[in-house]
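Beneath this line is the structure, given in structure tokens, with notes to follow.
Count residues from 1 along the sequence.
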Amino acid sequence: MKLKMLLVGGLLAWCAVALAEAPPPFVGTWKLDHAKSKFDPGTLPNSWTQKNEAVEGGIKQVADWVDSDGKATHSEFTAKFDGKDYPVTGSQGADAIWLKKVDDRTIEWGMKKAGKAVSSGRTVYSQDGKSRTMTWTGTNAKGEKYRATTVWAKQ
């Protein structure tokens, strides 16, 4: 009887581990890969790191970057994948973001400043979970249009 209970208990524990969901692909710390990224026109930040956490129905992101002039910026947001605007703090270029999940590895997003769209794009996470590619278009503070493709490595 004791052996039977141990076997059942062990089987239940194994099933619990096997059924536990893997974290979403966006979870983790991501660092910009300069060699594979570009802004057109413009320059890439000297450094850029984003830390993503899963929250119910969405994501919490903390980002830190140093621009090409050496100015450091720290921004944060928590948003659901429902297409609604959520506040962004710390960014001079945007004060709101919306997100939509296309599939398990793709997120569409847009950023706004004072209610006006300033950028929109798509982030695709690799099948192996080690990289992601963000492509987007936007308008900078001077009113100039730009395109960007950034590739990120999971840390």
Side-chain angles (χ1 to χ4, degrees), residues 11-39 42-141 145-155:
L11 182 60
L12 288 174
W14 178 83
C15 287
V17 169
L19 294 174
E21 289 187 37
F26 60 79
V27 170
T29 300
W30 299 88
K31 186 175 180 180
L32 180 67
D33 182 335
H34 282 82
K36 298 178 181 177
S37 302
K38 66 178 180 175
F39 276 75
T43 57
L44 291 165
N46 288 340
S47 66
W48 195 357
T49 302
Q50 295 178 346
K51 182 178 178 186
N52 297 336
E53 297 176 30
V55 297
E56 188 174 335
I59 184 174
K60 175 181 180 180
Q61 182 179 98
V62 176
D64 290 289
W65 69 93
V66 177
D67 69 18
S68 58
D69 294 327
K71 181 182 177 200
T73 301
H74 173 90
S75 69
E76 298 186 27
F77 70 82
T78 301
K80 293 187 177 190
F81 299 119
D82 59 8
K84 296 179 182 177
D85 290 353
Y86 290 88
V88 174
T89 60
S91 172
Q92 291 186 14
D95 55 22
I97 189 167
W98 60 263
L99 305 171
K100 287 184 184 176
K101 196 172 181 185
V102 175
D103 59 38
D104 288 341
R105 296 184 309 109
T106 308
I107 299 170
E108 289 182 342
W109 52 270
M111 301 192 83
K112 296 179 179 179
K113 179 75 172 179
K116 182 180 177 185
V118 292
S119 63
S120 63
R122 176 179 276 228
T123 303
V124 179
Y125 294 83
S126 65
Q127 191 70 37
D128 66 8
K130 295 179 181 179
S131 66
R132 71 179 190 187
T133 301
M134 293 173 56
T135 55
W136 76 96
T137 59
T139 305
N140 66 22
K145 297 207 180 282
Y146 67 89
R147 299 180 62 90
T149 300
T150 54
V151 178
W152 304 71
K154 191 168 191 178
Q155 303 302 293

Evaluate the side-chain proximity of T123 to W109: yes if any heavy-atom separation is below 4.5 Å, no if none is. yes
Can you tell me how far apart NZ (K116) and NZ (K112) are? Round to the nearest 0.5 Å. 12.5 Å
Looking only at heavy atoms, the pair that brings L99 and A79 closest together is CD1-CB, 3.6 Å
What do the steps show when you test F26 against I107 for side-chain contact (heavy atoms from CB on, under 4.5 Å), and what is the final call? CA-CA 9 Å; F26 60 79; I107 299 170; 4.2 Å; yes
Under 6.0 Å between ring centres, would you say that holds for W30 and Y125? yes
How far does CD of Q61 sit from CD of E76, to the nearest 0.5 angstrom? 10.0 Å
Under the ring pair (Phe, Tyr, Trp, His ring centres under 6.0 Å) rule, collect the residues that match up with F39, sequence neighbours excluded. W136
Mark yes when over 12 heavy atoms from residues, nucleotides or ligands other than K51 sit less than 6.0 Å from its NZ; otherwise mark no. no
Closest non-hydrogen contact found for F77 with P87 is CB-O, 3.4 Å
Flag the pair E108 and R122 as a salt bridge only when some basic side-chain nitrogen lies within less than 4.0 angstrom of an acidic carboxylate oxygen. yes
With respect to T49, which candidate in V62, V66, T29 satisfies the side-chain contact (heavy atoms from CB on, under 4.5 Å) definition? T29
Side-chain donor/acceptor of D33 to backbone N/O of V151, under 3.5 Å: no
Mind checking whether L32 and M134 have side chains closer than 4.5 Å, heavy atoms only? no
Contact check, side chains of S37 and W48, non-hydrogen atoms, under 4.5 Å: no
Give, for atom CG of D67 and atom OG1 of T43, the distance between the pair rounded to the nearest 0.5 Å. 7.5 Å
Hey, is CD on Q92 packed in by over 12 heavy atoms from elsewhere, all under 6.0 Å? no
Heavy atoms of A96 and D85 approach each other most closely as CB-CB, 4.4 Å
From H34 NE2 over to T150 OG1, what is the distance, rounded to the nearest 0.5 angstrom? 10.5 Å
How about V27 and N52: do any of their side-chain heavy atoms sit closer than 4.5 Å? no
Quick check for you: to the nearest 0.5 Å, what is the distance between N46 atom CG and K71 atom NZ? 13.5 Å
Please find the pair of heavy atoms, one from S126 and one from R105, that lie closest to each other, and give the distance. C-NH1, 3.5 Å
More than 12 non-hydrogen atoms from neighbouring residues, nucleotides or ligands closer than 6.0 Å to NZ on K80, yes or no? no
Candidate pair F81 and I59, rule side-chain contact (heavy atoms from CB on, under 4.5 Å), full reasoning: CA-CA 8 Å; F81 299 119; I59 184 174; 4.2 Å; yes
How far does CD1 of I97 sit from OG of S75, to the nearest 0.5 angstrom? 9.0 Å
For D128, I'd like to know if atom CG has over 12 heavy atoms of other residues, nucleotides or ligands within 6.0 Å. yes
Would you say S68's side chain and P45's backbone share a donor-acceptor pair under 3.5 angstrom? no
Distance to the ring centre below 6.0 angstrom and angle to the axis at most 45 degrees; does that hold for K154 and W152? no
